[in-house]
2 protein chains.
Amino acid sequence: MKRNSRLALAMHTLGHMAANPSHMHTSSEIAEHAGTNPVVVRRVLGKLREAGLLTSEKGHAGGWCLAREPHLITLADIYLALGERLISMDENDCAPDCCIEHSLLNHISEVIKSTEQNFINHLATTTIADVQKAKKCKCKTCCDEA
Amino acid sequence: MKRNSRLALAMHTLGHMAANPSHMHTSSEIAEHAGTNPVVVRRVLGKLREAGLLTSEKGHAGGWCLAREPHLITLADIYLALGERLISMDENDCAPDCCIEHSLLNHISEVIKSTEQNFINHLATTTIADVQKAKKCKCKTCCDEA
DNA sequence: TTAAATGTAACTTTTGAAGTTGCGTCAGTC
DNA sequence: GACTGACGCAACTTCAAAAGTTACATTTAA
């Protein structure tokens, strides 16, 4: 798996879960399909559980499943659950006595805030049910749960 | 200097140059002020030169200066010159036979494109002359060129 | 000719994400 | 009650991209 792909992993996984919400998915199954490691999957899905998007069951026959109906989970929910930022302008990185940097930060922080919100608003218009329904191909390798 | 700070370095540097467009700035001076290395500065400013925002002169008394009036260089120009992307959803990372990923990519690529454009539009409303003028403090350490 | 600047290639260091291992805990099943 | 198969989590290793560094060729003005 490539770098910084947690968002992709999360969206992808929930897209599949939307196709079959009642099925318990183990982190091993998910990891194998996503071409990554079960521990990495648990790390990422753990964030989604904290945010109330997923539930997990320990023990035999345990695993992961959606905590809500697929049409009630948007891509924005997933993005926010991961707690990542589009752009990180570390303020501590700023030389405290340089007024140009202060000025720049004033301008940029507004832009960043607005861009972030714009991104979230867009993501909020798509649910994982939409993602699941919109699939176009009929490949057996991954979509046979539908 | 921290990670992925090329944009910050570029904006910061051009903000200072806007205060005194006629002065030739050497990469050593810039690097020292920005707390980094002359070669790193040349790398970043080289991109801005390719984009026509800066000119550089070799040899004795050489250095860098703005290629246009400060009020004709926006933060969007700088961002675009660096050729970076806010969000990179590597399509090659996508399993080619997974239709959920295809569906996801269809949804997301539009969102990314729109967000990127929104970001650029916001940046385009601020010029480096604005950044320079808006500075509030009177510190001698960095703004004595004004 | 010399000094001071950029241009650039090659290399090393740093850093954060991803990947891995190991083990504890929990819950069905035999 | 032991066994099996799942998550939870901490600690460690690996990997890749950016930053930092070194070295040297080239250019230009004094």
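Every chain is numbered from 1, with letters handed out A, B, ... down the list of sequences.
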**Q.** Ion pair A:Lys113/A:Glu110, N-O distance below 4.0 Å
**A.** yes
Q. Taking the side chain of B:Val39 as its heavy atoms from C-beta onward, which of D:dT21, D:dA29, D:dA6 lies nearest to it?
A. D:dT21
Q) Nearest-Å distance, CZ (B:Arg42) to P (D:dC24)? A) 15 Å
(Q) With a 4.0 Å limit, can you tell me whether A:Ser5 has a side-chain N or O closer than that to the phosphate oxygens OP1/OP2 of C:dA17? (A) no
Q. Between B:Arg6 and D:dA18, does any side-chain N or O lie under 4.0 Å from OP1 or OP2?
A. yes
**Q.** Proximal nucleotide (of D:dT21, C:dT20, C:dG7) relative to the B:Ser56 side chain
**A.** C:dG7
Q: Calculate the interatomic distance between A:Lys58 atom NZ and D:dC9 atom C1'; express it in whole Å.
A: 10 Å
Q) For the side-chain contact (heavy atoms from CB on, under 4.5 Å) test, which of B:Leu48, B:Leu72, B:Asn20, B:Ile128 pairs with B:Leu66? A) B:Ile128
Q: Starting at atom NZ of B:Lys47, determine the distance to atom P of C:dT6, rounded to an integer number of angstrom.
A: 19 Å
(Q) Using whole Å, what does the distance between atom C1' of nucleotide C:dA5 and atom NE2 of B:His23 come to? (A) 13 Å
Q. Between B:His60 (NE2) and C:dA3 (C1'), how many Å, whole number?
A. 6 Å
Q | Rounded distance (Å) that lies between atom P of C:dA5 and atom CH2 of B:Trp64 | A | 14 Å
Q.
Strictly below 4.0 Å: does B:Thr26 bring a side-chain N or O up to OP1 or OP2 of C:dT6?
A. no
Q) Just checking B:Ser28: base, sugar-phosphate only, or nothing, at a heavy-atom cut-off of under 4.0 Å? A) nothing
Q. In whole angstrom, what separates B:Asn37's CG from C:dT14's C1'?
A. 14 Å
Q: Please check the phosphate of D:dA10 (OP1 and OP2 only) for any side-chain N or O of A:Arg43 closer than 4.0 Å.
A: no
Q.
In whole Å, I'd like the distance from the CE atom of B:Met24 to the P atom of D:dT27.
A. 17 Å
Q: Could you pull out the closest heavy-atom pair between A:Met17 and A:Cys65, with the gap in Å?
A: CE-CA, 3.4 Å
Q: Kindly indicate whether the side chain of A:Leu86, heavy atoms from C-beta on, has any atom under 4.5 Å from the side chain of A:Tyr79.
A: yes
Q. Can you find a side-chain donor-acceptor pair between B:Thr115 and A:His122 that sits under 3.5 Å?
A. no
